Amino acid sequence: MFLRLAQQHQEFVQDLVMNLQALTIILEWRGYSASCYTCGDQMKSASFMVSLREKHLIRFVVSDYGITWMELWDDRELMKLEGAEAIKQLQELSNIIKYSHTIQLTT
């Protein structure tokens, strides 16, 4: 049972890393400064960063050891979330980007 859970967790991390890479591309297309760094080809971890405005930075880190969301303003930590709450916040960021693009297209 534990080996199966470990394998599922590794697959989950790989899926999350692939989605972060895709989100980075979309953000760059939309004019945001974004990056996603991974270690090696196995996609076992990633560090994702995006600058939403001047001095407003989001950092999302995923690895086998955990998942962390950090929001910074002027190099000061505003919020730090881990696990499921960090992923929910990442979804919120994706929704904001998605809907802001829709609004731009309709106006």
Side-chain angles (χ1 to χ4, degrees):
M1 174 179 79
F2 294 111
L3 292 176
R4 180 180 53 82
L5 290 173
Q7 179 64 32
Q8 287 176 344
H9 179 74
Q10 288 175 342
E11 291 171 3
F12 168 75
V13 168
Q14 288 175 345
D15 286 347
L16 192 50
V17 170
M18 285 189 327
N19 282 293
L20 288 171
Q21 291 172 328
L23 181 59
T24 301
I25 292 167
I26 291 167
L27 287 166
E28 288 176 337
W29 285 346
R30 304 258 172 93
Y32 293 94
S33 177
S35 63
C36 183
Y37 298 100
T38 61
C39 297
D41 295 336
Q42 296 178 349
M43 298 194 321
K44 291 184 177 184
S45 64
S47 176
F48 166 83
M49 293 175 61
V50 61
S51 178
L52 297 178
R53 293 185 301 248
E54 187 176 338
K55 301 181 181 182
H56 189 189
L57 181 70
I58 303 295
R59 182 165 187 231
F60 186 88
V61 178
V62 59
S63 72
D64 281 343
Y65 301 108
I67 299 168
T68 305
W69 164 282
M70 287 178 46
E71 190 165 350
L72 304 157
W73 178 263
D74 198 21
D75 293 329
R76 293 187 184 108
E77 187 177 305
L78 295 177
M79 176 173 37
K80 183 176 182 179
L81 301 171
E82 296 181 346
E85 291 302 316
I87 295 170
K88 288 178 186 176
Q89 198 64 29
L90 185 62
Q91 180 63 53
E92 188 66 31
L93 172 66
S94 296
N95 289 343
I96 289 169
I97 300 305
K98 179 179 162 182
Y99 294 125
S100 69
H101 181 66
T102 303
I103 291 168
Q104 290 174 356
L105 288 176
T106 60
T107 56

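Model, not experiment: these values are computed from the prediction.
Apart from Leu3 itself, the hydrophobic cluster it occupies contains nothing, where clustering links Ile, Leu, Val, Met, Phe, Trp and Tyr at side-chain heavy-atom distances under 4.5 Å.
Taking every heavy atom of both residues into account, Glu77 and Leu72 meet most closely at CA-CD2, 3.5 Å. Looking at every heavy atom in both residues, Val13 comes nearest to Ser45 through CG1-N, 4.5 Å. Shown here for Ala34 and Leu27, the closest heavy-atom pair between the two residues is CB-CB, 3.9 Å. Contact between Thr38 and Gln21 at its shortest, heavy atoms only, is CG2-NE2, 3.6 Å. Across Cys36 and Leu20, no two heavy atoms sit closer than the pair SG-CB, 3.9 Å.
Shown here are the salt bridge (charged side-chain N to carboxylate O under 4.0 Å, His left out) partners of Glu85, two or more places apart in sequence or in another chain: Lys88. With sequence neighbours left out, Lys80 forms a side-chain hydrogen bond (donor to acceptor under 3.5 Å, both in side chains) with no residue at all. Under the side-chain contact (heavy atoms from CB on, under 4.5 Å) criterion, Arg76 pairs with Asp74, sequence neighbours left out. Taking His9 as the reference, nothing meets the ring-ring contact (aromatic ring centres under 6.0 Å, His included) condition, with sequence neighbours excluded. Remark: Gln14 engages no residue in a side-chain hydrogen bond (donor to acceptor under 3.5 Å, both in side chains) (not counting sequence neighbours). Considering only residues two or more places apart in sequence or on other chains, Gln91 meets the side-chain hydrogen bond (donor to acceptor under 3.5 Å, both in side chains) condition with Asn95. Here Gln7 pairs with Glu11 under the side-chain hydrogen bond (donor to acceptor under 3.5 Å, both in side chains) rule; sequence neighbours left out.
Other residues, nucleotides and ligands place more than 12 heavy atoms under 6.0 Å from the CD atom of Gln10.
Contacts classified as ring-ring contact (aromatic ring centres under 6.0 Å, His included) and involving residues 11-55 (residues at least two apart or in different chains) are not found. Within the structure, ring-ring contact (aromatic ring centres under 6.0 Å, His included) contacts touching residues 63-85 (residues at least two apart or in different chains) are His56-Trp73. Screening residues 47-59 for salt bridge (charged side-chain N to carboxylate O under 4.0 Å, His left out), with sequence neighbours left out, gives no hits.
Connection of Met49 to Ile25 is not established within any shared hydrophobic cluster, with ILVMFWY side chains joined at heavy-atom distances below 4.5 Å, either directly or through further cluster members. Using a 4.5 Å cut-off between side-chain heavy atoms of Ile, Leu, Val, Met, Phe, Trp and Tyr, with links allowed through other members, Ile87 and Met70 fall into different hydrophobic clusters.
If you run side-chain contact (heavy atoms from CB on, under 4.5 Å) between Val50 and each of Ile97, Leu93, Leu23, only Leu93 comes through.
Residues Val61 and Ile67 form no side-chain contact, since every pair of their non-hydrogen atoms from C-beta on lies 4.5 Å or further apart. Proximity of Leu52 to Ile58: side-chain heavy atoms (C-beta onward) are separated by under 4.5 Å at one or more points.
Separation of atoms CG (Leu81) and CD (Gln89) is listed at 6.0 Å; rounding is to 0.5 Å.
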